[in-house]
Enquirer: 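Structure provided below as structure tokens; questions to follow.
The figures that follow rest on heavy atoms only: side chains count, while hydrogens, waters and symmetry mates do not. Letters A, B, ... are given to chains in the order of the sequence lines, protein chains preceding strands, and every chain is numbered from 1.
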Amino acid sequence: MNIELFDPFRPPIPSQIEATLISRSGTNSDTNSGTNSGGSGTLSGRLSAAPMSAVKFNRRGFYLAAGHTDGTVVVWDVLSRCPLRTFPSCVNSEDDEIGVVSLDWSRNSRTLMAAGDEDVLAINLAATPAEGIRVPVIEGLSRLLGGVDVGAIKSAQLKIRKDTCALIVTTEGHVFTVDWGKLGKEQRKQMRMKKRERKGKRGWAKRGGGHQDDESGLDDDEILELLKIKILCNPTSASYKSKMKAKVEKSTRMEHSTVDFATAASFDKSGHSVFVTTRDSVVVFGDEASANTHKELYRWRVEESTSHSTIKGITLSPKGNAFVLRSSGGKGGERVLMYAISCKDGKPDIVFKDPVNTSNMFDDCVFSNDGEHLVAATYGRSKGVLLLWTSDQNFLADTLEGPNLAMHCMAYHPTRSCIATGMADGGIDLWGIPSSWAAFAPDFQALPSNVEYKEREDEFDLNVNVKEDSEQAETEDVDVVTVEKPAVYASDSEDEEEVFSLKMLGCGAEADAKDGLAVL
Amino acid sequence: MSTADADGSPKRRRENPLESGLPPEFTKLRYHGKHTKAISCLKCAPTSREGSLALVATGSSDNTIKLWDVTSSSGSSPSTFKGHASGINDLDWSSDSRYVASASDDKNIRIWDAPTGMPLVELRGHTSFVFAVAFNASANLLVSGGFDENVKLWDPRTGNCVSTIPAHSEPITGVSFNRDGTCIVSSSFDGLVRIWDTATSSCLRTFYAEGNPPVSSVSFSPNGKFVLAGTLDDKLRLWNVSNVNGEGGVAKTYVGRHNTKFCCGSAFSVSNPDRQRILAGSEDGSVYIWSINSRNLTQVLKDAHSDIVLAVDASKEREFIATGGSEKDKTVKFWTPTKADN
């Protein structure tokens, strides 16, 4: 609704920290001093203080989901800068300090997917806490696939317009899609029980409130039948392959993939094809309209790659016409390479090479919401630094120095000029633009320097001859009721009235009591 | 204020609805209530319980808020929220009708649990009287404006002030969120109406009426495309948000009521698609009702109260109007569509 009122010529890139969302206990760090009036609420120590590992705005930009390395997921209210929901230990994070690796919102924001270690979790935000918010989709990936070690989940992404389908990449180079749409309510319930049982066995701390049921849960084979798993890349050895095939065959048709070891993957804008990267190539898999298989459409070797370099990440632009690769070079540094996808043959052309070929390690790289800028987070000279490039040229538009902390992850706001960066200390910095004072007065223009103003003789005379309000001018009918969908959300299937918003759990002391409920 | 009367009263051109022979659209319910001092504000709850016409909260100079559950036959005795140390200036309901926020001359805002009347949070931070308050649709943000000329955003859960906007150069008379909470509108005695981006607190639009009269009330239309502002030149104007800045951009002007001194409220009554109305209180004790598109007065609730009508509101669920009278009157009255025409 506010988008139509924005000045189209505003500075398009963030330039300063507006606020810091702090989820650790204690007082504000000095990172927030010197910023504008946007206060940051310091919260009691019930949230996680572990470093951030994933951040993601929802489609409307009202909520920010944040994942920590201890497995906690927090949903923040971007406007009031207050946490709305906290979900501790969403993924197993005992063995390593990876925690939540990926978060993704469904298009209607009702479901939040969290992935990490060997678990994928769908959090139903529309349900009340008592009804059970979390649905474990995959719990123990390798075990589920018949004991084949596929590694931990490296990234997970929801398919657009399909909230029950995710693309998963593992540390051992596997890529597959999982569709849990067939998982009924009853079965989900059973899986939840199963999870509790298993947690008990594995010696995890049981959370209170969960009453055990006599009913036994589903076993792995039954789960596998319900989950539609499609394997895109399967680098395991032949013996393992056959072992895994025997297990997976029931629910999938395996396509013999030529990709040995996938390093990253991403859906394209439509969700029909998948971009998979190996150490030195980009492979595009297409989704044939009705078939259950993904077919390799196109393979392309990155020319800039050397024998020592590895592609580490791929990010598609919001318009889907370009992608950017993070590649670790042979000299220990990393590069950002951007390619435009030409529509004709699907062959990408390089349009952008990170000219800063230093020993920067890029922690994350995102496009701005209009696709015109590319933002990369790095850590240099003991400062977290954001590098902003214009994406159509090789032009470094701005370098923003953050606090003395590494930025682990970031997200660009879907409508505003705002970047959220997840920090090593468990806080989130929101970067924004300074407010436009020109809007205070309609005819006001900012001047580069002071000038002496000569007023006209009658300039400030009060004109009391108010003209008669013209009857004719106001004959046009007005509609004060019909809600129009903002142009940017025109493709959404839901009506404006149906746009999901999280229920407020309570005010004041009541909120504290109810937050206990949110923690299932 | 030499505007309307000096250059030929616009009232003269209007049809007087009382003489037109049309039946009155709204009639008074027998049930009414009383405060011990002037009623300064009232709001109908967005939803009411089954069998009830409306749930109405009234705020008064007697430092209390009363909740009236109005049914077609009668109404129960109201529950009273006590706690403010000074008079109430404005109140608002959360969209789920659970909470009531009240702004008071004691410089504080309180959030009340409506079913129990328990005060939940007190928001402290304004340095002068708080004159206007509003929830956003999902009730995770509260906006307030006061005589300290600031607009403040609050987190109603914790009571923390999220941000302060030095919005105007005179006391603020009205604040309101748009439908999805992305914009805030504020009005002030400085004659300006300003639209703010909630997320960045930046000013998106500034507009004012001809002659720069002080603005006494402001609210977004239900769809957020228009802003209804009452000014102390007796007029109400409907501005099209998307194409105004400065003067002009007035989509409709509603004339007829008397308002030159006090902040008489106004409201949309749009629950009946065939009868979309704007209503406003007046300093002559009447309530004026206009048709939104024709700008004609459709009814004047003549001498509805024996003193200035500061408080008016219409229900969003059904056609239902509540009005409250000032110091000499102290009563709240309820109006429903006339039986004959429904």
Side-chain angles (χ1 to χ4, degrees), chain A residues 1-7 18 36-39 41 43 60-62 77-82 84 413 416-418 432-433 435-437 439-443 463-469 471 473-474 476-484 496 499 501-511, chain B residues 2-3 7-8 10 13 94 99 111 113 120-121 137-141 153 155-164 178-183 195 197-206 210-211 221-226 238 240-242 245-246 250-253 268 270 273 276 292-293 295:
Chain A
M1 297 285 285
N2 54 349
I3 296 162
E4 297 111 65
L5 302 182
F6 285 162
D7 177 3
E18 297 188 322
N36 70 359
S37 56
L43 299 145
R60 298 266 165 166
F62 291 155
D77 180 27
V78 177
L79 292 180
S80 65
R81 291 154 192 167
C82 212
L84 291 176
H413 194 278
R416 278 167 50 207
S417 288
C418 175
I433 53 168
S435 54
S436 158
W437 296 102
F440 271 85
D443 309 320
N463 183 11
V464 287
N465 297 325
V466 178
K467 63 176 184 281
E468 182 79 6
D469 59 51
E471 287 273 305
E474 296 180 6
E476 202 172 305
D477 275 5
V478 294
D479 184 350
V480 296
V481 179
T482 312
V483 178
E484 270 176 35
E496 275 302 289
V499 170
S501 68
L502 275 165
K503 280 203 189 80
M504 190 170 73
L505 289 177
C507 280
E510 207 188 17
Chain B
S2 58
T3 53
D7 40 64
R13 295 194 303 272
S94 65
Y99 306 105
I111 296 172
D113 185 47
L120 297 171
V121 202
S138 45
N140 55 7
L141 212 56
L153 283 170
D155 183 345
R157 299 205 315 159
T158 59
N160 290 334
C161 179
V162 176
S163 68
T164 303
N178 70 343
R179 202 189 59 80
D180 63 358
T182 52
C183 295
I195 295 177
D197 184 33
T198 312
T200 58
S201 304
S202 59
C203 183
L204 298 175
R205 290 287 187 278
T206 301
E210 289 172 354
S221 71
N223 64 359
K225 293 179 79 75
F226 296 90
L238 196 65
N240 189 338
V241 171
S242 54
N245 224 0
V250 181
K252 300 281 174 188
T253 308
F268 288 93
V270 291
Q276 303 214 323
I292 288 183
N293 273 319
R295 289 174 293 138

Enquirer: Rounded at 0.5 Å granularity, tell me how far CG in Leu79(A) sits from CG in Leu141(B).
Expert: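 One gets 5.5 Å once the value is rounded to the nearest 0.5 Å.
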
Enquirer: Between Gly181(B), Ala137(B), Pro222(B), Pro273(B), which has the largest tally of heavy atom pairs under 4.5 Å with chain A?
Expert: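 Heavy-atom pairs under 4.5 Å are most numerous for Pro222(B).
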
Enquirer: Which bit of Asp477(A) is near chain B, if near means a heavy-atom gap under 4.5 Å: side chain, backbone, both or neither?
Expert: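 For Asp477(A), backbone and side chain are both near chain B.
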
Enquirer: Look up atom CG in Leu238(B) and atom CZ in Arg295(B), then write down how far apart they are to the nearest 0.5 Å.
Expert: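 Interatomic distance, Leu238(B) CG to Arg295(B) CZ, rounded to 0.5 Å: 11.0 Å.
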
Enquirer: Taking side-chain contact (heavy atoms from CB on, under 4.5 Å) as the criterion, tell me which of Asp155(B), Val162(B), Asn160(B) meets it with Cys82(A).
Expert: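 With Cys82(A) as partner, Asp155(B), Val162(B), Asn160(B) yield a single side-chain contact (heavy atoms from CB on, under 4.5 Å), made by Asp155(B).
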
Enquirer: Taking all atoms of both residues into account, what is the closest heavy-atom pair of Val121(B) and Pro156(B), and its distance?
Expert: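 Heavy atoms of Val121(B) and Pro156(B) come nearest at CG2-O, 3.4 Å.
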
Enquirer: Counting only heavy atoms closer than 4.5 Å, note whether Val78(A) contacts chain B via side chain, backbone, both or neither.
Expert: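 Contact with chain B involves no heavy atom of Val78(A) at all.
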
